[in-house]
Amino acid sequence: MYNEMTTFRVSRRDVLSYGSAGLLAAAGVGLFGAAAKADKKTTMDALAKVTSGRTAKSGRITLELPHIAENGNTVPLTVEVDSPMTDADHVKTVHIFAEENPLPEVASFHFSPANGIAKASTRMRLAKTQNVIAVAEMSDGSIFQASTEVKVTIGGCGG
Amino acid sequence: MAKVKARVKVPKSVKKGEIFEVKSLISHKMESGQRKGKDGKKIPRQIINKFVCAYNGKDVFSSDWRGAVSANPYMAFHLKAVDSGSLDFTWTDDSGDVFKKSAKIKVT
């Protein structure tokens, strides 16, 4: 009896340590499987790689996304960063992250002064309701960040 | 893979100094690497990972794409009209295939 309890405890702890995705996979209903869990930590790691120690300021970024996305397979996204776009002062790169996707990195847009304005649109996949984060790197090395929540009715990462 | 069809939309003519929008679309299934096939194994990632636009030979906009970019990727951005010439678009996918499309632009 005691042994059984121990075995149970260990496996339960294992499952818990894998987080909710592990639980789902153990139950055989994992949407993405155990290896591809949605994880805020990976998002933070990905963000840290971009900011590399610099503190992100808020403002200057306009992130246009639907409040409710019925189909997570194609969610339209427009990002605009307020900048004069001159050789001395322009937006270099805008990174897009989806916090709860199995892989949080979505895309990076590399601008140049030739763009006139720093505005780009694309369509992205969202696994579930979550925050979409935009991080803009300026030519002077400063970083701006903005995020907006999108409610997703049908997830878009396949199953 | 099915034939890849790329489309770009730029205005026929623009005034010098004007900022105009460039739209692009390419047919590509953008297999994310997250989906599972009938055998339960993951379908390997096969996406376009790089998009570049050159204006008269100079790279003016590029984008790195990951698995979360939708199938048949759409990309729109802006350019400032400087000189008449060509806009050359290049898409590169995971297997190294390169797709190209060009458009003419007249600056008045």
Side-chain angles (χ1 to χ4, degrees), chain A residues 28 30-38 46 69 71-81 85-86 90-127 130 132 155-159, chain B residues 9 14-26 28-38 40-43 45 47-83 85 87 105:
Chain A
L31 186 58
F32 307 111
K37 57 179 175 175
N71 182 357
N73 269 313
T74 53
V75 183
L77 159 108
T78 300
V79 61
E80 184 171 3
V81 186
M85 294 304 273
T86 57
H90 60 269
V91 182
K92 275 168 78 178
T93 307
V94 175
H95 305 274
I96 306 294
F97 298 97
E99 211 172 53
E100 304 274 348
N101 268 11
L103 296 167
E105 289 157 310
V106 176
S108 305
F109 307 130
H110 306 284
F111 294 98
S112 67
N115 292 119
I117 53 169
K119 184 177 182 182
S121 308
T122 189
R123 295 180 192 138
M124 65 196 277
R125 293 175 174 136
L126 292 176
Q130 59 181 294
V132 174
C157 285
Chain B
K9 200 174 178 187
V14 284
K15 286 199 183 83
K16 197 176 169 73
E18 196 181 320
I19 292 166
F20 61 95
E21 191 176 27
V22 179
K23 292 175 179 173
S24 72
L25 192 65
I26 186 163
H28 196 286
K29 62 184 173 182
M30 297 291 277
E31 189 59 61
S32 68
Q34 300 295 329
R35 288 197 317 144
K36 281 178 183 164
K38 279 188 183 131
K41 286 193 186 136
K42 276 196 179 171
I43 304 167
R45 193 180 97 153
I47 66 164
I48 294 173
N49 55 50
K50 188 85 188 167
F51 167 79
V52 181
C53 174
Y55 184 12
N56 286 337
K58 188 179 170 244
D59 286 0
V60 286
F61 180 85
S62 70
S63 181
D64 302 319
W65 291 342
R66 317 267 157 54
V69 171
S70 299
N72 305 326
Y74 165 79
M75 186 76 240
F77 57 95
H78 291 73
L79 283 175
K80 200 172 186 178
V82 186
D83 287 311
L87 290 169
I105 182 90

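Letters go in sequence order (proteins before strands), and every chain restarts at 1.
- The line from CZ of A/R125 to CD of B/Q34 is 9.5 Å long, rounded to the nearest 0.5 Å.
- Between A/R123 and B/N72 there is no side-chain heavy-atom pair separated by less than 4.5 Å.
- Using a 4.5 Å cut-off on side-chain heavy atoms (C-beta onward), A/M85 and B/K80 make no contact.
- Interatomic distance, A/H110 NE2 to B/F61 CZ, rounded to the nearest 0.5 Å: 8.5 Å.
- For the options A/A107, A/A114, A/S108, heavy-atom pairs under 4.5 Å to chain B are most numerous at A/S108.
- Remark: side-chain polar atoms of B/S70 are paired, donor with acceptor, to backbone N or O of A/N73 under 3.5 angstrom.
- For a residue to count as touching a neighbouring chain, one of its non-hydrogen atoms must lie under 4.5 Å from one of that chain's; by this rule B/I19 touches chain A with the side chain only.
- The side chain to side chain contact (heavy atoms under 4.5 Å, CB included) check on B/A68 picks up A/N101, A/V106, with sequence neighbours excluded.
- Contacts of B/L25 with chain A are made by side-chain atoms alone, with heavy-atom separations under 4.5 Å and no backbone atom involved.
- Residue pairs meeting the side chain to side chain donor-acceptor pair (under 3.5 Å) criterion with at least one partner in residues 47-57 of chain B, sequence neighbours excluded, are B/N49-B/D94, B/K50-B/D64.
- Remark: B/H78 NE2 to A/F111 CZ distance equals 10.0 Å, nearest 0.5 Å.
- Residue B/A81 does not touch chain A at all, counting heavy-atom pairs closer than 4.5 Å.
- Taking chain B as the reference chain and counting heavy-atom pairs below 4.5 Å, the highest number among A/V94, A/T93, A/T122 is found for A/T122.
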